[in-house]
Q: 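Below is the structure I would like to discuss, written out as structure tokens.
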Amino acid sequence: MEERKLLQSFLAKSQEGLPPRRMKDSYIEVLLPLGSQPELREKYLTVQNTVRFGRILEDLDSLGVLVCYMHTRIHSAKMSPLSIVTALVDKIDLCKKNLSPEQDIKFSGHVSWVGKTSMEVKMRMFQLHGNEFCPVLDATFVMVARDSENKGPAFVNPLIPESPEEEELFRQGELNKGRRVAFSSTSLLKMAPSAEERTTIHEMFLSTLDPKTISFRSRILPPNAMWMENSKLKSLEICHPQERNIFNRIFGGFLMRKAYELGWATACNFGGSRPFVVAVDDIMFQKPVEVGSLLFLSSQVCFTQGNYIQVRVHSEVASLQNKEHTTTNVFHFTFMSEKEVPLVCPRTYGESMLYLDGQRHFNSMSVPVNLRKDFLVEP
């Protein structure tokens, strides 16, 4: 960090002072040679002989940072004066492909949109089937640039689209930003539910009233249902120096992997069979996690429909000196079970809001995946 203080002089005073970049300037391909280098497999292997998706999340986070460093590269500097950090996992959608631990995986990515200090990164993942790489997932991350000491925002190079396809990608980046602002402004923490959502909650409430008593206080579970409060799982992680990044904070990919694995276990426990991850969205990195922190993860099922299970994982930290808990992340995962899962029923108003929030995230999924045997990604 002492060395990084010397890099402050390379920081631009405005975005206009930085040379524009093209999408191909940041394009990068990385090979994960699971097939050709078997010694790598152990780290990625599940008991079911598939690939651990938690490890893929770590790789995507690392790749997103690398892509942004390619976009903002200063040829005259040996080290980048920028600190690139993950601000948001906007969306990860998985295709209907079986991930084999015995075939090479290829990642590709590039910057697709740029603001003043933020960059949207589009990444894709492919796996070798026969002689060709077939798509496995699409991911959109938002990264932000900070100064050399990670204390304040820093300007990034503007982006110039060169073709109609690139202009469409850039336009989509603008739309994504607008969508995120709109989604945030209508958050149930800020605004009341819509009339349709209120009706949904009231109908669920009525379905849990005991018909034998004329009382709002006597509650029973409908057939094939579970109270939301009974779908929780919790875990605790000690944040060791092994998991730190170059800024001496805990690596975001590690947080995502731990949250995903707890979410997967929650969906497995709830549905009674092995769940498959379908989508990840709206992971906001609200605060960095310091080395030595205690990381508390709390996971619960907040919405179900047919074979789908929507899981929310809440992450908070407490230092050993200060026992006050601070929220760092909220994670949203959509899983699919092999069989139809029980309904999840909220009992309180707070749980009803979690249910509606889960429903909103589920409905934001790009394309619902049909249940197929070859669609299998595990923790």
Side-chain angles (χ1 to χ4, degrees), residues 86-93 113 115-118 120 140-142 144 153 171-209 216 219 225-229 231-232 256 259 263 266 278-287 296-306 308-317 324-335 343-368:
T86 307
L88 174 77
V89 178
D90 187 62
K91 180 70 77 176
I92 301 175
D93 288 315
W113 174 86
K116 292 283 186 186
T117 62
S118 59
E120 182 188 87
T140 305
F141 281 43
V142 177
V144 293
R171 190 184 71 85
Q172 190 60 51
E174 285 285 354
L175 291 175
N176 288 343
K177 181 186 176 185
R179 172 180 53 78
R180 287 191 292 269
V181 171
F183 200 82
S184 173
S185 65
T186 58
S187 164
L188 292 165
L189 292 169
K190 300 175 183 176
M191 287 185 68
S194 67
E196 185 181 351
E197 288 174 330
R198 290 197 296 271
T199 301
T200 298
I201 292 303
H202 191 67
E203 286 174 353
M204 288 194 78
F205 172 71
L206 293 178
S207 73
T208 64
L209 293 181
F216 287 130
R219 309 282 294 278
M226 182 188 290
W227 292 119
M228 188 183 286
E229 65 192 24
S231 72
K232 289 182 181 178
M256 283 196 281
T266 304
V278 175
V280 181
D281 81 313
D282 196 30
I283 299 175
M284 180 77 77
F285 288 82
Q286 297 175 15
K287 289 195 175 178
F296 296 87
L297 294 169
S298 176
S299 173
Q300 72 182 113
V301 175
C302 54
F303 177 78
T304 58
Q305 182 176 301
Y308 291 103
I309 305 170
Q310 188 70 35
V311 177
R312 179 183 189 269
V313 183
H314 182 263
S315 157
E316 56 187 28
V317 295
E324 186 178 325
H325 287 218
T326 307
T327 297
T328 59
N329 304 78
V330 178
F331 304 84
H332 302 276
F333 302 106
T334 308
F335 294 96
L343 294 170
V344 64
C345 285
R347 197 196 283 264
T348 65
Y349 187 80
E351 288 180 348
S352 297
M353 295 305 99
L354 283 178
Y355 181 90
L356 293 178
D357 188 56
Q359 185 182 53
R360 288 180 180 185
H361 281 96
F362 176 77
N363 290 336
S364 73
M365 192 168 43
S366 297
V367 181

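On a predicted model such as this, the values are computed, not experimentally measured, just so you know.
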Q: What are the two closest non-hydrogen atoms of M353 and L188, and how far apart are they?
A: O-CD1, 3.4 Å

Q: Side chains of T200 and Y355: closer than 4.5 Å at any heavy-atom pair?
A: yes

Q: With a 3.5 Å distance limit and no angle check, can you tell me whether S187 reaches the backbone of L189 through a side-chain donor-acceptor pair?
A: yes

Q: For the pair L88 and R180, evaluate side chain to side chain contact (heavy atoms under 4.5 Å, CB included) and give the outcome as yes or no after the intermediate values.
A: CA-CA 10 Å; L88 174 77; R180 287 191 292 269; 3.0 Å; yes

Q: Would you indicate whether the side-chain heavy atoms of V301 and M228 approach each other to under 4.5 Å?
A: no

Q: Does any donor atom in the side chain of N363 or Q359 lie under 3.5 Å from an acceptor atom in the other side chain?
A: no

Q: Rounded to the nearest 0.5 Å, what's the gap from CG on D357 to CD on Q310? Could you check?
A: 8.5 Å

Q: Hey, are K177 and E120 close enough for a salt bridge, meaning a charged N less than 4.0 Å from a carboxylate O?
A: no

Q: Show your reasoning for whether side chain to side chain contact (heavy atoms under 4.5 Å, CB included) applies to K287 and T326.
A: CA-CA 9 Å; K287 289 195 175 178; T326 307; 3.5 Å; yes

Q: Answer whether the closest heavy-atom distance between the side chains of T199 and E196 falls below 4.5 Å.
A: no

Q: Which distance, rounded to the nearest 0.5 Å, do you find between the CZ of R179 and the CG of N176?
A: 4.5 Å

Q: Is any side-chain heavy atom of F141 less than 4.5 Å from a side-chain heavy atom of I92?
A: yes

Q: Please lay out, stage by stage, how R312 and V330 fare under the test side chain to side chain contact (heavy atoms under 4.5 Å, CB included).
A: CA-CA 7 Å; R312 179 183 189 269; V330 178; 3.7 Å; yes

Q: Would a 4.5 Å heavy-atom cut-off, applied to side chains only, mark L343 and Q305 as touching?
A: no

Q: Using atom types as modelled and distance alone, determine if a side-chain donor or acceptor of R219 lies under 3.5 Å from a backbone N or O of R347.
A: yes

Q: Looking only at heavy atoms, which two atoms of S352 and P346 are closest? And how far apart?
A: N-CB, 3.5 Å

Q: Please step through side chain to side chain donor-acceptor pair (under 3.5 Å) for the pair T334 and H361, ending with a clear verdict.
A: CA-CA 8 Å; T334 308; H361 281 96; over 6 Å; no

Q: Atom SG of C345 and atom CE of M226: how far apart are they, to the nearest 0.5 Å?
A: 10.5 Å

Q: Does NE2 in H325 sit with more than 12 non-hydrogen atoms of other residues, nucleotides or ligands closer than 6.0 Å?
A: yes

Q: Can you tell me how far the CZ atom of F333 sits from the CG atom of D281, to the nearest 0.5 Å?
A: 9.5 Å

Q: Working note: F303 + L356, criterion side chain to side chain contact (heavy atoms under 4.5 Å, CB included); need CA distance, chi angles, decisive distance, verdict.
A: CA-CA 8 Å; F303 177 78; L356 293 178; over 6 Å; no

Q: Please verify the inter-ring angle class for H202 with F205; under 30° counts as parallel, over 60° as perpendicular, anything in between as tilted.
A: tilted

Q: Would you say the ring centroid of F362 lies under 6.0 angstrom from that of Y308?
A: yes

Q: Does the side chain of W227 come within less than 4.5 Å of T208's, by heavy atoms?
A: yes

Q: On a heavy-atom basis, which atom in P153 and which in T117 lie closest, and how many Å separate them?
A: CB-CG2, 4.0 Å

Q: Is any side-chain heavy atom of V311 less than 4.5 Å from a side-chain heavy atom of F335?
A: yes

Q: Which distance, rounded to the nearest 0.5 Å, do you find between the NZ of K232 and the NE2 of H314?
A: 11.0 Å

Q: Are any of the side-chain heavy atoms of I283 and M256 separated by less than 4.5 Å?
A: yes

Q: Indicate the atoms forming the closest heavy-atom contact of S299 with G263, along with that distance.
A: OG-CA, 3.7 Å

Q: Going by the side-chain contact (heavy atoms from CB on, under 4.5 Å) test, name the single residue among L354, V344, V313 that passes it with Q300.
A: L354

Q: Is a side-chain N or O of E197 found less than 3.5 angstrom from the main chain of S194, in a donor-acceptor match?
A: yes

Q: More than 12 heavy atoms of other residues, nucleotides or ligands under 6.0 Å from CE of M284: is that the case?
A: no

Q: Using modelled atom types only, decide if a donor and an acceptor are shared between the side chain of K91 and the backbone of S364 within a distance under 3.5 Å.
A: yes

